[in-house]
Each structure stands twice: as structure tokens, then as C-alpha cells.
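Input: one structure, supplied below.
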Number of protein chains: 2
Amino acid sequence: MSEETIGELSSGHALVDEIAARIRARIMSGDIPIGAQLRQAELANDFGVSRTPVREALRQLQTGGLIDVVPNRGAVVRVPAPWEVREAYEVRAELEALAAARAVSRISQSDIQRLRVANQDMYDRSIAAGRPGAERATNSRPENDVFHDTITTVSANARLARAIEEINETFPRNVSAQLLVNDDRHREENYQEHLRIIDAIERGDAEAASAQMRAHVIGAGEQLAHWYERRSSTVFTA
Amino acid sequence: MSEETIGELSSGHALVDEIAARIRARIMSGDIPIGAQLRQAELANDFGVSRTPVREALRQLQTGGLIDVVPNRGAVVRVPAPWEVREAYEVRAELEALAAARAVSRISQSDIQRLRVANQDMYDRSIAAGRPGAERATNSRPENDVFHDTITTVSANARLARAIEEINETFPRNVSAQLLVNDDRHREENYQEHLRIIDAIERGDAEAASAQMRAHVIGAGEQLAHWYERRSSTVFTA
DNA sequence: CTGCCGCTAATTGGATCCATGTCTGCCATG
DNA sequence: CATGGCAGACATGGATCCAATTAGCGGCAG
């Protein structure tokens, strides 16, 4: 949360998008925790810009649903209710199922290899991050994303990718990452389910691939919803 | 596009959202056509506010994908390419299929009645709007929306509703409305397909309801894509 | 006559200023 | 001693000001 001046920013695209991306990244990584207040002046100071672009960036995040903006009271990082998680993941399940089905007829052998590598990587890293002495345990999530992102990319539908992204961006990633690290059973299931999906895709079974994917995402959503349930019963604000 | 001062605006929620909604409405209704430039000063003048809230409103619409904002060159209403329409409607088809499936176990008898009435209403109005001497032919679309909105509402998943809405908001409504008015065959198909969906829902057949809905939305998307195809071959800018 | 160059006007984007609304803490009062 | 009201600080939201970039246009040279 310290000083973090923007080096080069006038690289063509709008400054606002840059700011929005940075704030989003902070929230996603857990650097700014859910429920935290976002003061415009502070953010502007951090980025070395005026409040104006920060305000517009916050608007963007608001429409994305990542933060709540109450008039004259400022913005807070949204704390999803467990039922919201389940709703969102039911939708995401359908979207990813479609992605998996579309991927079947478009995937290449090298893509399949990438999927297998990514899955193994994620598994190994999650275990490593759980061992005592791991410097920072938050960054195994990107490895997990590789799996889903690859399938989404292969499915070759930009609007589908965006719809999935919009849902994912509602929930900070570090939470899901922690689940993989801390919960042995969840990590194991995650790994095995990924394998089944890869197998189905490889053998060209669109029906199975989409069904497996749907079940997988629903399961992940259930885990995440559980986490938020447990969290809401604990009392803490920061 | 004339003067349109905002009456009461400090009704609690932010002015920016109000402005964004108004601009969106103008685009959706076709009042501001696709491809048109959106000058901040002009909009600010129309609404009787300064440029600041207009700018933030445009940001919101940008993240929604309704407009394109090029740095230092302003915003234009996005002109979807036909393939984008097909992509989007493939996604929407999946989402609405899910909505239909969920609706089956939750719908009430009165909801079903509402669906039938809405469908008949839309059919009649589309015909009426096509007759010579119809004052304004653009407003049969809301009647069509009632059908889909009802199913979405009954399906009782806020995130699903939002995902569908986000896709719909990418395409101005007056275009789809015109299709119903001008194309007899399309209007007839639309009516019949709605009927089949209602029947499937009423008899509790989730499988059929979702399949019918998927096919229906895909078909509508195809019609819309055709329209944009024909349009792009014609040369005009306004 | 055509193509290139520079200038000017217009428009966006960022910074600053000001008004409005909200929260905190103190103080008076029942 | 608790509660309600009041005042001040503080943060947001909108307006205004200023700089930067771009497009449009006219002149000039080849």
C-alpha cells in the first residue's frame, strides 16, 4: 500500500484504464482486502495522479461489480454473500461448459499438452506453497487460471471469454488460491477433475467435456461459498 | 436530441448513473444511431450538467462495451460486426437456456399466463406497427423483452439476469424491433418459438424448455447478424 | 493539378476549486 | 449517567480551468 509511482503511462491508451487495472490487481491479489474502504485521495497519492482519473477508474470497477460506491460515502470492496457466489458460479459453470464443448473441435495437440503441464504445475505449486517457509503463498492462482484460460482461448469466442472474465473479476483471486493451498481434499479434487476434463476433450467427447466442466465449476463454487460462509461468522473488519 | 433538462436528480443516487442511463436509453432506442460520435460538451449541454459526470458516464458505457472510447478522439457508438453478433448470441443462448431450465421448477400459473399474454401482445403490436400510418414503429421491442425478462426473473438468479443484460446492452434494441416489424417470416417464427418454450415450461420439461430456448436465441442472433451484414454492405455513416 | 507541410480550431483528458453531505466527538440537558 | 443535538473535520461529487493531442484546412512547392 506504499508509494508506487507510475513510470510511463502515456503509452497510447487512457490513463484511467491503467489506474483501474492497478486497483483491480490490488484487490484481486488481496493487497486490498474485501470490505476495505477505498479513499480517492489516498489512491491518487499512491499513483502520483490527481483524483479525477481515480474517480473514473472507480466507476469502472463499480460497473464491474467489484466495488460498491455509495454516494458521498465512498467506495468499498464488495463482500460477496455465499448465495451470490453460488449464483455466479452456476452461471460460470454454464459458460465454461460451453467453452469446453467448443474447445473439443478446435483444440490442437500442443494445447492439450499445455493443459496437462499447467494442471501438474498448479498441483505442485499449491503443495509447495503449503509447506512451511514458503515466502508468499498467494501466487498459485495464476497457475490455476492457465488451465481455464487456455480452454477459453481455444474455444475462440471473445464474448464468451469476456463473460467468464466478468464473473471471475467479481471475486478476489487470493481466496480461491488459498483454498487450493490449505485444503488437501479440494486440491486433490481440483487436480483430478481437471484431468477428467482434459481426457474428455482429447478423446473428442464434447458432451462429457462440458458435463465434467460444469460439475467441476459448480464444485469449486461450493468450496468458495463455504469459505465466505465461515468468514461471515467470524467477526473482523480489516 | 434537443434540450432535456434533468428535473430532480439529487434523489440519493449518484448523478453519473442517471446520465449513463439516459445516454444508454438514447442509444438503445436508436435516437443516437450506431456509429455516431458522442461529444461530451454536447451531452453535457443537453442534460444541463457539466462535462465531468458525462465523462464518467461514458466510462461506464465503455466498460459495458456499448461504446468505443479512443483516447483524445472521443467516443462513438459501437458498430457490432456480424461475427460479434453471432458470438454474443451463442453465449446468450446458453444463458437463456439456463434461465429457462431454472424457470421450470419455479414458475407459477400466473407467470405462465403473463408469458402468453406478452407473446400475443408482442405479435399483435409488431403487426400493427408495420401497417402504414403507424406513428412510431420502434416501441414493439419492450413488449418482446417482457417475454425474456419474465423468464429471467422467474429463474431467480440475479447474476444470471445481469449476465444476460450485459449482452443485450451491447446491441441497440430498435434494430431487433425493426426485424419483428418488417420481416413477416421472422415475426411468425418468433411467435411460434415462444409458444413452444412456454408449452415446454408449462409441462415441466426442463430439458425441452432449455433446448427450445437455445435454438430460439441462436435463430434470433442469426437474423440480427444478417441485418448487420446487409447494413455493412450499404455505405452510410449517420 | 496534386501531394505534402504547417497552422489553427476543436475536443478530450487531467488538475484544481468549491459546495454538499456524512461521520465523529463533545457538550448540554433530562 | 445516558441520550440527543450541535459543530467541526473530512471525504465525495460537480464545476471550472488549463494543457495536450488530434483533425481539418489552406497554402505552397513540385
Side-chain angles (χ1 to χ4, degrees), chain A residues 1 3-23 26-27 32 35-64 66-78 237-238, chain B residues 1 3-23 26-27 32 35-64 66-78 237-238:
Chain A
M1 288 274 247
E3 192 72 22
E4 179 188 349
T5 312
I6 288 183
E8 27 59 66
L9 40 83
S10 56
S11 57
H13 64 28
L15 176 59
V16 175
D17 297 332
E18 177 76 20
I19 305 280
R22 298 235 183 170
I23 299 176
R26 280 194 183 180
I27 297 174
I32 301 178
Q37 280 259 353
L38 298 167
R39 269 179 294 277
Q40 298 177 357
E42 186 180 338
L43 292 169
N45 200 357
D46 285 355
F47 294 132
V49 297
S50 93
R51 265 179 49 218
T52 311
V54 173
R55 271 171 54 184
E56 294 183 25
L58 290 180
R59 285 294 165 204
Q60 277 189 314
L61 300 182
Q62 178 197 21
T63 57
L66 183 59
I67 66 176
D68 274 336
V69 176
V70 186
N72 293 323
R73 286 203 350 193
V76 295
V77 182
R78 198 150 201 291
T237 48
Chain B
M1 285 274 247
E3 191 71 21
E4 179 186 351
T5 314
I6 287 184
E8 26 61 66
L9 39 83
S10 56
S11 58
H13 63 28
L15 176 61
V16 176
D17 296 331
E18 178 75 19
I19 304 282
R22 298 233 184 173
I23 298 176
R26 281 194 182 181
I27 296 175
I32 300 178
Q37 281 260 353
L38 297 168
R39 270 180 292 277
Q40 298 177 355
E42 185 179 339
L43 291 169
N45 199 355
D46 285 356
F47 294 131
V49 297
S50 92
R51 267 180 47 221
T52 311
V54 172
R55 270 171 54 185
E56 293 183 28
L58 290 179
R59 288 288 171 211
Q60 277 188 312
L61 299 181
Q62 178 197 21
T63 56
L66 183 59
I67 67 176
D68 274 337
V69 176
V70 186
N72 292 322
R73 282 197 6 189
V76 296
V77 182
R78 195 147 203 288
T237 47

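All chains are named by letter (A, B, ...) in the order of the sequence lines, taking the proteins before the strands, and each is independently numbered beginning at 1. The basis for the numbers below is simple: all heavy atoms, side chains too, and nothing from hydrogens, waters or symmetry mates. Owing to the predicted nature of the structure, the values given are computational and were not obtained by experimental measurement.
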Legend entry - Phosphate OP1/OP2 of dA11(D) contacted by Gln37(A) side-chain N/O (<4.0 Å):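 For Gln37(A), the contact criterion (side-chain N or O under 4.0 Å from OP1 or OP2 of dA11(D)) is not met.
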
Inset, instruction - Measure from CG on Asn45(A) to P on dT12(D) and round the result to the nearest Å. - result: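 From Asn45(A) CG to dT12(D) P: 13 Å.
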
Inset, instruction - Find the distance Asp17(A):CG to dG14(C):C1' and express it as a whole number of Å. - result: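 So the CG-C1' distance, Asp17(A) to dG14(C), works out to 15 Å.
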
Inset, instruction - Could you state the atom-to-atom distance from CD of Glu18(A) to C1' of dG13(C) in whole Å? - result: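 Checked: the CD to C1' distance equals 15 Å.
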
Legend entry - Spacing of CG belonging to Leu43(A) relative to CG belonging to Leu38(A), to within rounding of 0.5 Å: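 Here the interatomic distance stands at 6.0 Å.
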
Legend entry - Gap separating the CZ atom of Arg22(B) from the CG atom of Asp46(B), nearest 0.5 angstrom: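 Reported value, rounded in 0.5 Å steps: 11.0 Å.
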
Inset, instruction - Looking at every strand, decide which applies to Leu58(B) at a 4.0 Å heavy-atom threshold: base, sugar-phosphate, or nothing. - result: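 The answer is nothing, as Leu58(B) stays clear of every strand by at least 4.0 Å.
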
Legend entry - Asn72(A) vs Glu56(A), nearer the 5' end of DNA chain C by closest nucleotide: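 Nearer the 5' end of the strand: Glu56(A).
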
Inset, instruction - Could you check how far CG of Leu43(A) sits from P of dG13(D), rounded to whole Å? - result: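 One finds 13 Å between P of dG13(D) and CG of Leu43(A), rounded.
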
Inset, instruction - Report the residues that fulfil salt bridge (Lys or Arg N to Asp or Glu O under 4.0 Å) with Arg39(B), sequence neighbours left out, ordered by chain and then residue number. - result: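 Arg39(B) satisfies salt bridge (Lys or Arg N to Asp or Glu O under 4.0 Å) with Glu42(B) once adjacent residues are dropped.
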
Sub-3.5 Å pairs of nitrogen or oxygen atoms, protein against nucleotides 23-25 of chain C:
residue : atom : partner  : partner atom : Å
dC23(C) : OP1  : Arg73(A) : NE           : 3.4
dC23(C) : OP1  : Arg73(A) : NH1          : 2.8

Legend entry - With Ile67(A), the side chain to side chain contact (heavy atoms under 4.5 Å, CB included) member among Val76(A), Ile27(A), Ile32(A):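 By the side chain to side chain contact (heavy atoms under 4.5 Å, CB included) criterion, Ile67(A) pairs with just one of Val76(A), Ile27(A), Ile32(A): Ile27(A).
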
Legend entry - Interatomic distance, Leu66(A) atom CG to Gln60(A) atom CD [nearest 0.5 angstrom]: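 Output value for this atom pair is 12.0 Å.
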
Inset, instruction - Just jot down the side-chain hydrogen bond (donor to acceptor under 3.5 Å, both in side chains) partners of Asn72(B), sequence neighbours excluded, or say none. - result: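 Partners of Asn72(B) under the side-chain hydrogen bond (donor to acceptor under 3.5 Å, both in side chains) test: none.
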
Legend entry - Which residues share a side-chain hydrogen bond (donor to acceptor under 3.5 Å, both in side chains) with Glu56(B), sequence neighbours left out: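 Testing Glu56(B) for side-chain hydrogen bond (donor to acceptor under 3.5 Å, both in side chains), a comparison that skips the adjacent residues, returns Arg55(A), Arg59(A).
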
Legend entry - Length of the CZ-P vector between Arg39(B) and dA23(D), whole Å: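 Value for this atom pair: 14 Å.
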
Close N or O pairs between protein and nucleotides 15-19 of chain D (under 3.5 Å):
residue : atom : partner  : partner atom : Å
dA15(D) : OP2  : Ser50(B) : N            : 2.8
dA15(D) : OP2  : Ser50(B) : OG           : 2.6
dA15(D) : N7   : Thr52(B) : OG1          : 2.9
dT16(D) : O4   : Thr52(B) : OG1          : 3.4

Legend entry - Non-hydrogen side-chain atoms of Val49(B) and Glu18(B) separated by less than 4.5 Å: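 No, their side chains stay 4.5 Å or more apart.
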
Legend entry - side-chain hydrogen bond (donor to acceptor under 3.5 Å, both in side chains) against Arg78(B), all qualifying residues, sequence neighbours excluded: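 So Arg78(B) forms a side-chain hydrogen bond (donor to acceptor under 3.5 Å, both in side chains) with Asp68(B), Glu84(B).
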
Legend entry - Euclidean distance, atom CD of residue Gln60(B) to atom P of dG13(D) [Å, nearest integer]: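 These atoms are roughly 12 Å apart.
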
